[in-house]
Amino acid sequence: MSFDTDSLELDYILHHLGEDRKHLSQPGSPPLYLTSMFTFPTVDAMRNTLTCESSLPFYTRGTNPTLSLLADKLAALEGGEAALLFASGSAAIAAAVCAQVQAGDHIVCVDHPYSWTSKLIKQFLGRYGVSATFWTGEVSDLAAAVQPNTKLVYLESPNSFTFEIQDIEAICRFARENNLVTIVDNSYCSPLFQNPIKLGADIVVHSATKYLSGHSDALGGALICSQPMREKIFQSEYMTLGGTMSPMNAWLILRGLRTLELRMLRSHENGMAIAQFLDKHPAVKKVNYPFLESSATYHLAAKQMKGCGGLMSFELNTTELNKIETFCNHLKYFHLGCSWGSFESLCFPAATLYTSANYSQTHLPVNLIRIYCGLEHFETLKQDLEQALFLSGI
Ligand SMILES: *Cc1c(COP(=O)(O)O)cnc(C)c1O
(Lines give C-alpha, C1' and ligand atoms only; values in the text may rest on other atoms or scores of the structure.)
Protein backbone atom coordinates (compact mmCIF):
# COMPACT_ATOMS: atom_id res chain seq x y z
CA MET A 1 0.00 0.00 0.00
CA SER A 2 1.14 3.59 -0.48
CA PHE A 3 -0.45 6.99 0.14
CA ASP A 4 -0.28 10.00 -2.10
CA THR A 5 1.42 11.87 0.76
CA ASP A 6 4.53 13.59 -0.53
CA SER A 7 7.07 11.17 0.95
CA LEU A 8 9.93 13.68 0.81
CA GLU A 9 7.86 16.18 2.74
CA LEU A 10 6.85 13.52 5.25
CA ASP A 11 10.47 12.45 5.77
CA TYR A 12 11.48 16.08 6.22
CA ILE A 13 8.78 16.75 8.84
CA LEU A 14 9.29 13.56 10.82
CA HIS A 15 13.09 13.52 10.83
CA HIS A 16 14.43 17.03 10.19
CA LEU A 17 11.96 19.85 10.78
CA GLY A 18 12.87 21.93 13.83
CA GLU A 19 15.79 19.76 14.92
CA ASP A 20 18.40 22.38 15.55
CA ARG A 21 21.29 19.96 15.94
CA LYS A 22 24.13 22.32 15.12
CA HIS A 23 23.51 24.70 18.04
CA LEU A 24 23.53 21.82 20.52
CA SER A 25 26.09 19.01 20.55
CA GLN A 26 24.80 17.37 17.36
CA PRO A 27 22.59 14.93 19.28
CA GLY A 28 20.88 12.27 17.19
CA SER A 29 17.81 12.44 19.37
CA PRO A 30 16.48 15.86 20.43
CA PRO A 31 17.17 17.01 23.99
CA LEU A 32 14.55 16.59 26.68
CA TYR A 33 14.15 19.95 28.42
CA LEU A 34 12.93 18.53 31.70
CA THR A 35 12.59 21.89 33.38
CA SER A 36 9.62 23.84 34.66
CA MET A 37 11.21 27.26 34.05
CA PHE A 38 14.02 29.11 32.30
CA THR A 39 16.51 31.66 33.64
CA PHE A 40 17.87 34.91 32.19
CA PRO A 41 21.17 36.77 32.33
CA THR A 42 19.61 40.25 32.62
CA VAL A 43 16.34 41.93 33.56
CA ASP A 44 16.04 43.12 29.98
CA ALA A 45 16.34 39.59 28.55
CA MET A 46 13.74 38.36 31.05
CA ARG A 47 11.37 41.23 30.20
CA ASN A 48 11.74 40.65 26.46
CA THR A 49 11.00 36.96 26.77
CA LEU A 50 7.98 37.58 28.97
CA THR A 51 6.38 39.69 26.25
CA CYS A 52 6.60 36.66 23.89
CA GLU A 53 5.57 33.98 26.37
CA SER A 54 3.51 32.13 23.77
CA SER A 55 6.57 31.37 21.64
CA LEU A 56 9.70 31.77 23.81
CA PRO A 57 10.68 29.57 26.79
CA PHE A 58 9.85 31.39 30.02
CA TYR A 59 7.77 28.93 32.03
CA THR A 60 6.92 25.42 30.83
CA ARG A 61 3.15 25.87 31.23
CA GLY A 62 3.56 28.31 28.33
CA THR A 63 6.54 27.27 26.17
CA ASN A 64 9.21 24.58 26.39
CA PRO A 65 11.58 23.70 23.50
CA THR A 66 10.78 19.96 23.61
CA LEU A 67 7.08 20.78 23.27
CA SER A 68 7.75 23.38 20.55
CA LEU A 69 9.58 20.82 18.42
CA LEU A 70 6.67 18.38 18.65
CA ALA A 71 4.12 21.15 18.06
CA ASP A 72 5.93 22.32 14.90
CA LYS A 73 5.98 18.79 13.52
CA LEU A 74 2.29 18.17 14.23
CA ALA A 75 1.29 21.51 12.67
CA ALA A 76 3.30 20.64 9.55
CA LEU A 77 1.86 17.12 9.37
CA GLU A 78 -1.69 18.51 9.47
CA GLY A 79 -1.00 21.38 7.08
CA GLY A 80 -1.79 23.93 9.79
CA GLU A 81 0.15 26.99 10.92
CA ALA A 82 0.59 26.20 14.60
CA ALA A 83 -0.18 23.76 17.39
CA LEU A 84 -0.66 23.60 21.16
CA LEU A 85 0.06 20.49 23.22
CA PHE A 86 -1.94 19.25 26.17
CA ALA A 87 -1.73 16.66 28.93
CA SER A 88 -4.40 14.57 27.18
CA GLY A 89 -6.65 14.58 24.15
CA SER A 90 -9.55 15.55 26.37
CA ALA A 91 -7.65 18.62 27.63
CA ALA A 92 -6.99 19.67 24.02
CA ILE A 93 -10.66 19.19 23.10
CA ALA A 94 -11.88 21.11 26.17
CA ALA A 95 -9.57 24.06 25.42
CA ALA A 96 -10.49 24.13 21.71
CA VAL A 97 -14.23 24.02 22.43
CA CYS A 98 -14.31 26.38 25.43
CA ALA A 99 -12.34 29.02 23.51
CA GLN A 100 -15.19 29.33 20.97
CA VAL A 101 -18.15 29.94 23.27
CA GLN A 102 -19.55 32.01 26.12
CA ALA A 103 -22.81 31.93 28.07
CA GLY A 104 -25.79 32.12 25.69
CA ASP A 105 -23.98 30.49 22.77
CA HIS A 106 -24.92 27.25 21.04
CA ILE A 107 -22.85 24.35 19.71
CA VAL A 108 -23.81 21.89 16.96
CA CYS A 109 -22.06 18.59 17.54
CA VAL A 110 -22.15 15.35 15.59
CA ASP A 111 -24.07 12.48 17.26
CA HIS A 112 -22.05 10.15 19.50
CA PRO A 113 -18.65 11.78 19.69
CA TYR A 114 -16.02 10.48 22.15
CA SER A 115 -17.79 9.96 25.51
CA TRP A 116 -15.99 12.73 27.41
CA THR A 117 -16.41 15.17 24.51
CA SER A 118 -20.12 14.49 24.73
CA LYS A 119 -20.06 15.16 28.50
CA LEU A 120 -18.06 18.36 27.98
CA ILE A 121 -20.54 19.75 25.46
CA LYS A 122 -23.77 18.46 26.98
CA GLN A 123 -23.18 18.63 30.75
CA PHE A 124 -20.08 20.63 31.60
CA LEU A 125 -20.75 23.57 29.26
CA GLY A 126 -24.45 23.34 30.03
CA ARG A 127 -23.59 24.51 33.56
CA TYR A 128 -22.12 27.69 32.07
CA GLY A 129 -25.11 28.53 29.89
CA VAL A 130 -23.91 27.05 26.61
CA SER A 131 -26.52 24.92 24.84
CA ALA A 132 -25.98 22.21 22.24
CA THR A 133 -27.73 20.26 19.50
CA PHE A 134 -26.45 16.83 18.51
CA TRP A 135 -27.09 16.13 14.83
CA THR A 136 -26.78 13.25 12.37
CA GLY A 137 -23.63 14.55 10.71
CA GLU A 138 -25.43 14.80 7.34
CA VAL A 139 -24.76 18.06 5.48
CA SER A 140 -28.43 18.22 4.46
CA ASP A 141 -29.54 18.23 8.14
CA LEU A 142 -27.05 20.84 9.29
CA ALA A 143 -28.97 24.03 8.48
CA ALA A 144 -31.90 22.84 10.62
CA ALA A 145 -29.59 22.24 13.59
CA VAL A 146 -27.97 25.69 13.45
CA GLN A 147 -29.47 28.53 15.51
CA PRO A 148 -28.84 32.29 15.42
CA ASN A 149 -26.52 31.89 18.46
CA THR A 150 -24.56 28.92 17.10
CA LYS A 151 -20.80 29.49 17.20
CA LEU A 152 -19.27 26.09 16.67
CA VAL A 153 -19.71 22.90 14.64
CA TYR A 154 -17.91 19.94 16.21
CA LEU A 155 -17.04 16.85 14.13
CA GLU A 156 -15.41 13.52 14.81
CA SER A 157 -14.81 11.66 11.57
CA PRO A 158 -14.77 8.74 11.98
CA ASN A 159 -15.83 8.33 15.59
CA SER A 160 -13.99 5.68 17.53
CA PHE A 161 -16.75 3.16 18.30
CA THR A 162 -19.14 2.94 15.36
CA PHE A 163 -17.04 4.81 12.76
CA GLU A 164 -19.65 7.04 11.13
CA ILE A 165 -17.99 9.67 8.98
CA GLN A 166 -18.99 13.16 7.93
CA ASP A 167 -18.37 15.02 4.68
CA ILE A 168 -15.75 17.33 6.20
CA GLU A 169 -15.28 19.54 3.14
CA ALA A 170 -19.00 20.20 2.59
CA ILE A 171 -19.68 20.83 6.29
CA CYS A 172 -16.72 23.19 6.63
CA ARG A 173 -17.87 25.11 3.54
CA PHE A 174 -21.33 25.55 5.06
CA ALA A 175 -19.79 26.57 8.40
CA ARG A 176 -17.52 29.14 6.80
CA GLU A 177 -20.42 30.68 4.86
CA ASN A 178 -22.33 30.96 8.14
CA ASN A 179 -19.46 32.28 10.24
CA LEU A 180 -19.17 29.15 12.38
CA VAL A 181 -15.91 27.70 13.67
CA THR A 182 -15.32 24.00 12.87
CA ILE A 183 -13.37 21.58 15.05
CA VAL A 184 -12.56 18.05 13.86
CA ASP A 185 -11.34 15.25 16.12
CA ASN A 186 -8.88 13.54 13.76
CA SER A 187 -7.51 10.99 16.24
CA TYR A 188 -8.80 7.99 14.30
CA CYS A 189 -7.00 8.84 11.05
CA SER A 190 -3.86 10.47 12.45
CA PRO A 191 -2.37 13.24 10.29
CA LEU A 192 -1.17 10.60 7.84
CA PHE A 193 -4.60 9.43 6.71
CA GLN A 194 -6.67 12.64 6.80
CA ASN A 195 -6.02 16.38 7.01
CA PRO A 196 -9.21 18.27 7.92
CA ILE A 197 -7.54 21.71 7.75
CA LYS A 198 -6.85 21.07 4.06
CA LEU A 199 -10.57 20.30 3.74
CA GLY A 200 -11.51 23.64 5.33
CA ALA A 201 -11.60 22.94 9.09
CA ASP A 202 -10.47 25.63 11.54
CA ILE A 203 -9.11 23.41 14.32
CA VAL A 204 -7.97 19.79 14.36
CA VAL A 205 -7.74 18.01 17.71
CA HIS A 206 -5.89 14.79 18.48
CA SER A 207 -5.58 12.35 21.28
CA ALA A 208 -1.80 11.98 20.95
CA THR A 209 -2.17 9.08 23.37
CA LYS A 210 -3.20 6.94 20.40
CA TYR A 211 -1.26 6.71 17.10
CA LEU A 212 1.05 9.69 17.61
CA SER A 213 2.56 8.23 20.76
CA GLY A 214 1.95 4.65 19.67
CA HIS A 215 3.53 2.81 22.61
CA SER A 216 0.90 2.89 25.39
CA ASP A 217 3.28 4.85 27.59
CA ALA A 218 2.25 8.50 27.31
CA LEU A 219 -0.97 10.49 27.52
CA GLY A 220 -1.11 13.57 25.36
CA GLY A 221 -3.28 15.82 23.25
CA ALA A 222 -2.82 18.41 20.54
CA LEU A 223 -4.75 21.06 18.67
CA ILE A 224 -3.66 22.45 15.32
CA CYS A 225 -4.99 25.69 13.84
CA SER A 226 -4.05 29.11 12.45
CA GLN A 227 -1.55 31.32 14.27
CA PRO A 228 -4.20 33.85 15.44
CA MET A 229 -6.42 31.03 16.75
CA ARG A 230 -3.45 29.50 18.57
CA GLU A 231 -2.69 32.87 20.17
CA LYS A 232 -6.34 33.28 21.24
CA ILE A 233 -6.41 29.83 22.87
CA PHE A 234 -2.94 30.27 24.39
CA GLN A 235 -3.90 33.53 26.08
CA SER A 236 -7.02 32.05 27.67
CA GLU A 237 -7.69 28.30 28.05
CA TYR A 238 -4.11 27.10 27.59
CA MET A 239 -2.59 29.31 30.29
CA THR A 240 -5.57 29.52 32.67
CA LEU A 241 -6.63 25.88 32.71
CA GLY A 242 -2.98 24.83 32.50
CA GLY A 243 -3.45 21.37 31.00
CA THR A 244 -0.01 21.43 29.38
CA MET A 245 1.78 18.29 28.16
CA SER A 246 4.81 17.33 30.24
CA PRO A 247 8.20 17.64 28.45
CA MET A 248 8.81 13.94 29.14
CA ASN A 249 5.63 12.99 27.27
CA ALA A 250 6.46 15.37 24.42
CA TRP A 251 9.82 13.63 24.11
CA LEU A 252 8.19 10.19 24.10
CA ILE A 253 5.69 11.29 21.46
CA LEU A 254 8.54 12.73 19.33
CA ARG A 255 10.09 9.28 19.50
CA GLY A 256 6.75 7.75 18.53
CA LEU A 257 6.61 9.98 15.44
CA ARG A 258 9.81 8.43 14.04
CA THR A 259 7.90 5.24 13.28
CA LEU A 260 4.45 6.75 12.71
CA GLU A 261 4.35 5.90 9.02
CA LEU A 262 5.55 2.31 9.50
CA ARG A 263 3.08 1.72 12.31
CA MET A 264 0.17 3.27 10.40
CA LEU A 265 0.93 1.15 7.35
CA ARG A 266 0.99 -2.11 9.34
CA SER A 267 -2.08 -1.15 11.32
CA HIS A 268 -3.96 -0.26 8.12
CA GLU A 269 -2.96 -3.49 6.36
CA ASN A 270 -4.00 -5.56 9.36
CA GLY A 271 -7.20 -3.54 9.77
CA MET A 272 -8.28 -3.99 6.14
CA ALA A 273 -7.56 -7.72 6.15
CA ILE A 274 -9.19 -8.37 9.53
CA ALA A 275 -12.29 -6.34 8.57
CA GLN A 276 -12.65 -8.43 5.41
CA PHE A 277 -12.12 -11.65 7.37
CA LEU A 278 -14.76 -10.73 9.98
CA ASP A 279 -17.18 -9.52 7.30
CA LYS A 280 -17.32 -13.06 5.89
CA HIS A 281 -17.41 -14.91 9.22
CA PRO A 282 -20.78 -16.57 10.04
CA ALA A 283 -20.53 -15.64 13.75
CA VAL A 284 -20.34 -11.95 12.84
CA LYS A 285 -23.49 -9.98 12.02
CA LYS A 286 -22.02 -6.65 10.93
CA VAL A 287 -18.61 -4.99 10.69
CA ASN A 288 -18.16 -1.23 11.12
CA TYR A 289 -15.09 -0.16 9.13
CA PRO A 290 -15.20 2.81 6.71
CA PHE A 291 -12.94 1.20 4.11
CA LEU A 292 -15.09 -1.91 3.61
CA GLU A 293 -16.67 -1.59 0.17
CA SER A 294 -19.97 -2.71 1.67
CA SER A 295 -19.94 0.31 4.02
CA ALA A 296 -22.64 2.90 3.21
CA THR A 297 -20.04 5.67 3.35
CA TYR A 298 -17.24 3.86 1.51
CA HIS A 299 -17.04 6.41 -1.33
CA LEU A 300 -16.87 9.37 1.01
CA ALA A 301 -14.24 7.58 3.12
CA ALA A 302 -12.15 6.83 0.03
CA LYS A 303 -12.47 10.48 -1.02
CA GLN A 304 -11.36 12.18 2.20
CA MET A 305 -9.21 9.51 3.89
CA LYS A 306 -5.95 8.02 2.61
CA GLY A 307 -6.12 5.00 4.88
CA CYS A 308 -8.21 3.56 7.64
CA GLY A 309 -5.99 2.12 10.35
CA GLY A 310 -6.56 -0.83 12.62
CA LEU A 311 -9.58 0.21 14.69
CA MET A 312 -13.03 -1.26 13.94
CA SER A 313 -16.06 -2.75 15.63
CA PHE A 314 -18.36 -5.63 14.85
CA GLU A 315 -21.60 -7.11 16.13
CA LEU A 316 -21.58 -10.76 17.07
CA ASN A 317 -24.40 -12.95 15.85
CA THR A 318 -25.81 -13.34 19.36
CA THR A 319 -27.01 -11.21 22.26
CA GLU A 320 -26.29 -13.91 24.85
CA LEU A 321 -23.91 -12.33 27.31
CA ASN A 322 -22.14 -15.57 28.24
CA LYS A 323 -21.25 -16.27 24.59
CA ILE A 324 -20.06 -12.68 24.08
CA GLU A 325 -17.91 -12.93 27.19
CA THR A 326 -16.61 -16.40 26.26
CA PHE A 327 -15.41 -15.00 22.94
CA CYS A 328 -13.61 -12.06 24.58
CA ASN A 329 -12.14 -14.13 27.41
CA HIS A 330 -10.55 -16.57 24.94
CA LEU A 331 -8.65 -13.95 22.93
CA LYS A 332 -4.91 -14.33 23.48
CA TYR A 333 -3.32 -11.53 21.43
CA PHE A 334 -6.16 -9.01 21.64
CA HIS A 335 -5.89 -7.87 25.26
CA LEU A 336 -9.01 -6.62 26.97
CA GLY A 337 -8.52 -2.92 27.48
CA CYS A 338 -9.46 0.57 26.39
CA SER A 339 -7.48 2.89 24.14
CA TRP A 340 -5.94 1.96 20.76
CA GLY A 341 -3.34 3.20 18.26
CA SER A 342 -0.42 1.51 19.92
CA PHE A 343 1.71 -1.59 19.22
CA GLU A 344 -0.57 -4.09 20.92
CA SER A 345 -3.92 -5.41 19.75
CA LEU A 346 -6.88 -4.64 21.98
CA CYS A 347 -10.50 -5.61 22.50
CA PHE A 348 -13.16 -3.42 24.13
CA PRO A 349 -16.56 -5.14 24.39
CA ALA A 350 -19.53 -2.76 24.67
CA ALA A 351 -20.93 -5.21 27.22
CA THR A 352 -18.51 -3.74 29.78
CA LEU A 353 -20.28 -0.38 29.49
CA TYR A 354 -23.66 -1.62 30.61
CA THR A 355 -22.87 -1.76 34.32
CA SER A 356 -20.61 1.29 34.52
CA ALA A 357 -22.21 4.38 36.07
CA ASN A 358 -20.21 6.68 33.82
CA TYR A 359 -21.16 5.03 30.55
CA SER A 360 -24.46 3.19 31.16
CA GLN A 361 -26.34 5.62 28.87
CA THR A 362 -24.60 3.95 25.95
CA HIS A 363 -26.25 3.70 22.52
CA LEU A 364 -23.98 0.77 21.69
CA PRO A 365 -25.55 -2.70 21.31
CA VAL A 366 -24.48 -5.26 23.90
CA ASN A 367 -23.02 -7.55 21.20
CA LEU A 368 -20.74 -4.84 19.80
CA ILE A 369 -17.03 -5.57 20.09
CA ARG A 370 -14.42 -2.95 19.30
CA ILE A 371 -11.03 -4.28 18.30
CA TYR A 372 -7.78 -2.57 17.49
CA CYS A 373 -5.31 -4.42 15.26
CA GLY A 374 -1.79 -3.59 16.37
CA LEU A 375 1.55 -4.51 14.90
CA GLU A 376 1.41 -8.31 15.08
CA HIS A 377 1.19 -10.27 11.82
CA PHE A 378 -2.20 -10.64 10.19
CA GLU A 379 -2.15 -14.47 10.53
CA THR A 380 -1.56 -14.21 14.29
CA LEU A 381 -4.54 -11.88 14.71
CA LYS A 382 -6.79 -13.84 12.36
CA GLN A 383 -6.06 -17.13 14.10
CA ASP A 384 -6.67 -15.54 17.48
CA LEU A 385 -10.10 -14.27 16.42
CA GLU A 386 -10.91 -17.54 14.68
CA GLN A 387 -10.21 -19.75 17.71
CA ALA A 388 -12.07 -17.42 20.10
CA LEU A 389 -15.09 -17.25 17.76
CA PHE A 390 -15.05 -21.06 17.56
CA LEU A 391 -14.88 -21.50 21.33
CA SER A 392 -17.65 -18.95 21.91
CA GLY A 393 -20.19 -21.36 20.40
CA ILE A 394 -21.84 -18.56 18.39
C1 LIG B 1 -8.98 8.66 23.30
C2 LIG B 1 -9.76 9.64 22.54
C3 LIG B 1 -9.93 10.95 23.01
C4 LIG B 1 -9.43 11.41 24.35
O5 LIG B 1 -8.05 11.42 24.39
P6 LIG B 1 -7.25 11.23 25.78
O7 LIG B 1 -5.84 11.35 25.34
O8 LIG B 1 -7.61 9.87 26.28
O9 LIG B 1 -7.70 12.29 26.69
C10 LIG B 1 -10.60 11.84 22.20
N11 LIG B 1 -11.11 11.47 21.00
C12 LIG B 1 -10.97 10.22 20.53
C13 LIG B 1 -11.54 9.88 19.21
C14 LIG B 1 -10.31 9.27 21.28
O15 LIG B 1 -10.20 8.01 20.82
Side-chain angles (χ1 to χ4, degrees), residues 67 70 74 78 83-98 109-122 124 134 137 154-166 168 182-194 196 201 203-224 237-238 241-246 248-250 252-253 256 264 267 271 288-290 305 308-313 337-342 344-348 350 352-353 358-359 362-364 368 370-374:
L67 271 73
L70 176 59
L74 294 182
E78 280 291 8
L84 285 171
L85 304 178
F86 295 83
S88 69
S90 294
I93 292 165
V97 169
C98 291
C109 178
V110 66
D111 277 333
H112 311 307
Y114 181 68
S115 53
W116 295 100
T117 302
S118 179
K119 286 196 172 69
L120 168 78
I121 291 175
K122 210 185 290 183
F124 184 89
F134 287 78
Y154 189 95
L155 307 178
E156 190 177 299
S157 183
N159 79 22
S160 61
F161 248 103
T162 43
F163 311 102
E164 287 89 2
I165 63 175
Q166 299 103 53
I168 297 174
T182 44
I183 299 177
V184 183
D185 184 332
N186 199 32
S187 303
Y188 179 91
C189 285
S190 92
L192 259 56
F193 286 164
Q194 179 169 272
I203 305 176
V204 164
V205 287
H206 278 285
S207 170
T209 314
K210 314 292 166 54
Y211 281 128
L212 299 175
S213 157
H215 293 77
S216 296
D217 52 12
L219 279 174
L223 67 80
I224 297 110
E237 287 71 19
Y238 192 69
L241 301 179
T244 312
M245 183 184 285
S246 81
M248 183 72 215
N249 282 14
L252 286 169
I253 295 167
M264 294 299 299
S267 187
N288 302 310
Y289 189 68
M305 294 160 62
C308 210
L311 190 65
M312 70 191 73
S313 63
C338 66
S339 199
W340 50 274
S342 189
E344 80 277 60
S345 295
L346 292 166
C347 169
F348 190 153
T352 57
L353 300 171
N358 260 335
Y359 303 94
T362 184
H363 64 287
L364 301 172
L368 188 88
R370 184 179 82 177
I371 56 167
Y372 169 71
C373 303

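Numbering starts at 1 and runs along the sequence shown. Every number for a ligand or one of its atoms is a count from 1 in the order of the listing.
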- Proximal ligand 1 atoms for Gly89, defined as those under 4.0 Å from one of its heavy atoms: 5 (O), 6 (P), 7 (O), 9 (O)

- Which pair of heavy atoms, one from Ser187 and one from Trp340, lies closest together, and at what distance? O-CH2, 3.3 Å

- Message: Apply side chain to side chain contact (heavy atoms under 4.5 Å, CB included) to residues His112 and Ser118 and explain how you reach the verdict.
- Response: CA-CA 7 Å; His112 311 307; Ser118 179; over 6 Å; no

- Query: Nearest heavy atom to atom 12 (C) of ligand 1: which of Ile93, Thr117, Asp185 does it belong to?
  - Reply: Asp185

- Task: For ligand 1, note which part of Ser160 has a heavy atom under 4.0 Å away: side chain, backbone, both or neither.
- Result: side chain

- Message: Looking only at side-chain N and O atoms, does Thr117 offer a donor or acceptor that is under 3.5 Å from a partner on Glu156?
- Response: no

- Within a distance under 4.0 Å of any heavy atom of Ser90, pick out the atoms of ligand 1 and give their elements. 4 (C), 5 (O), 6 (P), 9 (O)

- Message: Under the criterion ring pair (Phe, Tyr, Trp, His ring centres under 6.0 Å), I'd like the reasoning laid out for Tyr238 against Phe86: C-alpha separation, chi angles, the key distance, then a yes or no.
- Response: CA-CA 8 Å; Tyr238 192 69; Phe86 295 83; 5.2 Å; yes

- Which residue holds the protein heavy atom closest to atom 7 (O) of ligand 1, what is that atom called, and what is the gap in Å? Thr209 OG1, 2.7 Å

- Item | atom 5 (O) of ligand 1 - nearest protein heavy atom and its distance | Ser207 OG, 3.0 Å

- Task: Distance to 0.1 Å, residue and atom name: give those for the protein heavy atom nearest to atom 14 (C) of ligand 1.
- Result: Lys210 NZ, 2.9 Å

- CE/Met264 to CG/Leu192 distance, rounded to the nearest 0.5 angstrom? 6.0 Å

- If we ignore angles and hydrogens, is there a donor and acceptor under 3.5 Å between the side chains of Asn288 and Ser313? yes

- Message: Under 4.0 Å from a heavy atom of Trp340: which atoms of ligand 1 are those, numbered in the order shown and with their elements?
- Response: 15 (O)

- Run the numbers for me: atoms of ligand 1, each under 4.0 Å from some heavy atom of Gly220, listed by number. 7 (O)

- Message: Are Ile93 and Trp116 packed together at the side-chain level, in the sense that at least one heavy-atom pair is separated by less than 4.5 angstrom?
- Response: no

- Which residue supplies the protein heavy atom nearest to atom 4 (C) of ligand 1, what is that atom called, and how far is it? Tyr114 CE2, 3.4 Å

